[in-house]
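A short worksheet on the structure shown next.
Proteins get letters first, then strands, A, B, ... in listed order; numbering begins at 1 in each.
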Amino acid sequence: MTPKEETYTGNEVSHFILDEVEKDVGPGGRLEGLPVHTRFPPEPNGYLHIGHAKAIIIDFGTAELFGGLCNLRMDDTNPVKEDEAYVKAIQDDIHWLGYDWDDRFYHASDYFEQIYNYARELIEKDLAFVCEQTPEEVRESRGTLTSPGTESPWRYRPRQESLDLFGRMRAGEFPDGRYTLRAKIDMSSGNMNLRDPVIYRIQHARHHQTGDEWCIYPMYDFAHPISDSLEHITHSLCSLEFEDHRPLFDWVINNCSLPVKTRQIEFARLDINYTVMSKRKLRTLVEEGLVDGWDDPRLPTLCGLRRRGYTPRAIRDFNERNGVSKVPSMVDIRFLEHCLREDLNKRAPRAMAVLDPVKLTITNYPEDRQETFTVENLPGDSSSGTHDITFSRHLLIERDDFEEDPPKKYYRLFPGNLVRLRGAYIVRCTGCVKDSQGKVIEVLAEYDPETRGGTAAAGQKVRGTIHWLDESTAVQAEVRLYDHLFTVEAPDDDERDYHELLNPESLTVIQNARVEPWLKEDRSYLGYQFMRLGYFIHDNRDSTEDKLVFNRSVQLKDSYRPT
RNA sequence: UGGGGUGUAGCCAAGCGGUAAGGCACGGGACUUUGACUCCCGCAUUCGCAGGUUCAAAUCCUGCCAUCCCAGCCA
């Protein structure tokens, strides 16, 4: 699979980050002449979701547009929160989206030795000191948003002493929390990040990459700019909440002897309505069993979207068309759905499925006869392949495609009306059979042999076309219909408990649906369009040849409004 | 009298002193062997508000308002 062929959208991408990057590497720019180099730096502590997809697309996409490179780097500076188990899943998701980092897969922990040495450099330059304040004391002396902090009593400790202590911290002589290494910047800064931030802490914890080699770990604000620069990253693209960390990022870049003056540029993260995006909330849903794992098709996780039937192309298209800006925004999930439909409409093979079957008997069609029609996978596209469907006297149709007493503008089956059975014949409804409760159990119709293939006679206008299955060849399937996980647009902003906001109808399981038999063997990676219903895909966990399970990716638009 | 951002249609979003792109959503119509797709048409006399500069302002200046982020030894 060539990633580019798989997800290339053809969109003209243009946004402020691209403009800035172009200026930076162009004539007179601050990074003049350097090859554009970005990175995607996930923390291995959870699964990727569509918000990360935005970052991935910006990071990899920017490099791609400038003919540069994008690295994948695990931001693993906090061993107690991270786990190797997430790494493989993260890599799979990025690959699935269509991006690749070649051999440039790194860990921030690869640089622990170098980061340690840069910390020593800062101490030597009198720009960092070993502090003995307790966490409580640090908090108290940091000041508040509106009042300055007070300097640590250890701030002017001789460099040699700090250097010695820092070495002993590394050697494991002290318990967690006993000492920290702090940057010496400005306790009265309006920017809290500059009030002598802690850049190293003692943590006697086993790290998933470095094992027990270290018991001190650098903080994100220190490790990140160093890792970036060491990898010759020209542009460190991140989300808005790091904007006021940028002065600290720059401080590290400027005060350590680093090879490249990486520039950090921030953009607004993606938010979508009717769902939640934070790792913490997603985790809660999974752990409370409110959804079927991290890959539940209702979740915005990439594995969930994949299981739902979303295509990488649709996700990339969605992001590119949304644009990149600094406006904190909430995108309408209907736009995401639109992008999926648009992609699948062009590519997904068509099939017929009946979700709520009722019998249709063609009373003038012989009991012992069966014929086969060959239909194109994509109607009108002869290069799309074909599949066969059978037709006989006993068919199955959708229960709501028959009305004994139809509303105005209803042009499906009702007594006396002419309707086309898609790809087969035009039939005239002659009535129905009901059980003792008055429920329709069978619809009756007569077919017109002259309309084979569904072709209307000259001058004949048939308004309604419905889907159907041959009862004798249709196979049973479970179909899972999904809807938004939450009933409110912004569950995060709602003061009610989120349990109350969950949509009780976010999952509807239909046990007794029927589909065309060829779907037992076929496994289109795009899924299928079940005509007149929507796009569906084999569930990647539960669907087998013995028990078919389909997930509804998205419904077709429907302008029919019964009056 | 903390710092840093952001305000253009219901939702995204172009615009960078010359008279408001585009997409989604929505409404109407055409076409249709999917009530889908496709195709037309409509949808901001106005850019958070108020002043000012200018022949000309969403774009420049001043003030105000709203809203988001920051006080982890998390990232």
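Between the C1' atoms of C47(B) and A9(B), the separation comes to 10 Å (whole Å). Comparing C24(B) with U19(B), their C1' atoms are spaced 27 Å from each other, to the whole Å.
In this structure, Asn417(A) atom CG and G35(B) atom P are separated by 13 Å, rounded to whole Å. The nearest whole Å value for the distance from the CG atom in Leu336(A) to the P atom in G23(B) is 19 Å. Between the C1' atom of A75(B) and the OH atom of Tyr86(A) lies a distance of 15 Å, rounded to the nearest Å. The nearest whole Å value for the distance from the OH atom in Tyr200(A) to the P atom in C74(B) is 14 Å. The distance from atom CG of Leu556(A) to atom P of G35(B) is 9 Å, rounded to the nearest whole Å. One atom, CZ of Arg283(A), and another, C1' of A75(B), lie 13 Å apart when rounded to the nearest Å. Summarising the geometry, the separation between CE on Met219(A) and P on C73(B) is reported as 6 Å, rounded to the nearest angstrom. Taking atom CZ of Arg420(A) as the reference point, atom P of A36(B) lies 15 Å away to the nearest angstrom.
Pairs engaging residues 328-356 of chain A under the ring pair (Phe, Tyr, Trp, His ring centres under 6.0 Å) rule: Phe318(A)-Phe335(A) [sequence neighbours left out]. For residues 165-193 of chain A, the pairs satisfying salt bridge (charged side-chain N to carboxylate O under 4.0 Å, His left out) are Glu113(A)-Arg170(A), Asp126(A)-Lys184(A), Glu132(A)-Arg178(A), Asp164(A)-Arg168(A), Arg168(A)-Glu173(A), with sequence neighbours left out. For the ring pair (Phe, Tyr, Trp, His ring centres under 6.0 Å) condition, the pairs that include at least one residue of residues 169-198 of chain A, sequence neighbours left out, are Phe174(A)-Tyr179(A).
Comparing Arg463(A) and Pro135(A) against RNA chain B, the residue whose closest nucleotide sits nearer the 5' end is Arg463(A). Map Gln529(A) and Lys81(A) each onto its nearest nucleotide of RNA chain B; the residue landing nearer the 5' end is Gln529(A).
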Residues Asp110(A), Arg73(A); criterion salt bridge (charged side-chain N to carboxylate O under 4.0 Å, His left out); working and verdict: CA-CA 10 Å; Asp110(A) 295 341; Arg73(A) 179 171 73 231; over 6 Å; no
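The side chain of Glu243(A) lies closest to G5(B) when the candidates are G5(B), U34(B), G35(B).
Aromatic ring centroids of His207(A) and Tyr217(A) lie under 6.0 Å apart.
Within the nucleic acid shown, Tyr217(A) has no heavy atom closer than 4.0 Å to any nucleic acid atom. Residue-level contact check: Arg142(A) touches the backbone only, with heavy atoms under 4.0 Å from sugar-phosphate atoms and none from bases. If you check every strand for non-hydrogen atoms under 4.0 Å, Ser189(A) touches nothing. Across all strands, Glu376(A) comes closer than 4.0 Å to no nucleic acid atom at all (heavy-atom distances). Tyr410(A) comes within 4.0 angstrom of a nucleotide base, judged by non-hydrogen atoms across all strands. Residue contacts for Phe242(A): at a heavy-atom cut-off of 4.0 Å it reaches a base atom on one of the strands shown. If you check every strand for non-hydrogen atoms under 4.0 Å, Tyr560(A) touches a base.
Using cut-offs of 30° and 60° on the angle between ring planes, the pair Tyr86(A) and Tyr47(A) is perpendicular. Taking the six-membered ring where tryptophan is involved, the planes of His224(A) and Phe249(A) are tilted, since the angle between them lies from 30° to 60°.
Judged as a ring-ring contact (aromatic ring centres under 6.0 Å, His included), and not counting sequence neighbours, the contacts of His387(A) are Trp518(A).
For Glu22(A), the CD atom sits in a loose shell: 12 or fewer heavy atoms of surrounding residues, nucleotides or ligands are nearer than 6.0 Å.
Side-chain contact annotation: Glu82(A) with Asn45(A), donor-acceptor N/O pair under 3.5 Å absent. Side-chain atoms of Asp76(A) and Ser109(A) include a donor-acceptor pair closer than 3.5 Å.
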Pairs under 3.5 angstrom, nitrogen or oxygen only, protein versus nucleotides 10-17 of chain B, please.
from, atom 1, to, atom 2, distance (Å)
C11(B), O3', Met330(A), O, 3.1
C11(B), O2', Met330(A), O, 3.0
C11(B), O2', Asp332(A), N, 3.4
C12(B), OP1, Met330(A), N, 3.0
C12(B), OP1, Met330(A), O, 3.4
C12(B), O5', Met330(A), O, 3.4
C12(B), O2', Asn322(A), O, 3.1
C12(B), O2', Asn322(A), OD1, 2.9
A13(B), OP1, Ser325(A), OG, 2.4

For nucleotides 40-43 of chain B, print each protein N/O atom paired with a nucleotide N/O atom at under 3.5 Å, atom names and distance only.
none

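For G3(B), the base has a donor-acceptor partner in the side chain of Asp244(A) [N/O atoms by modelled type, under 3.5 angstrom].
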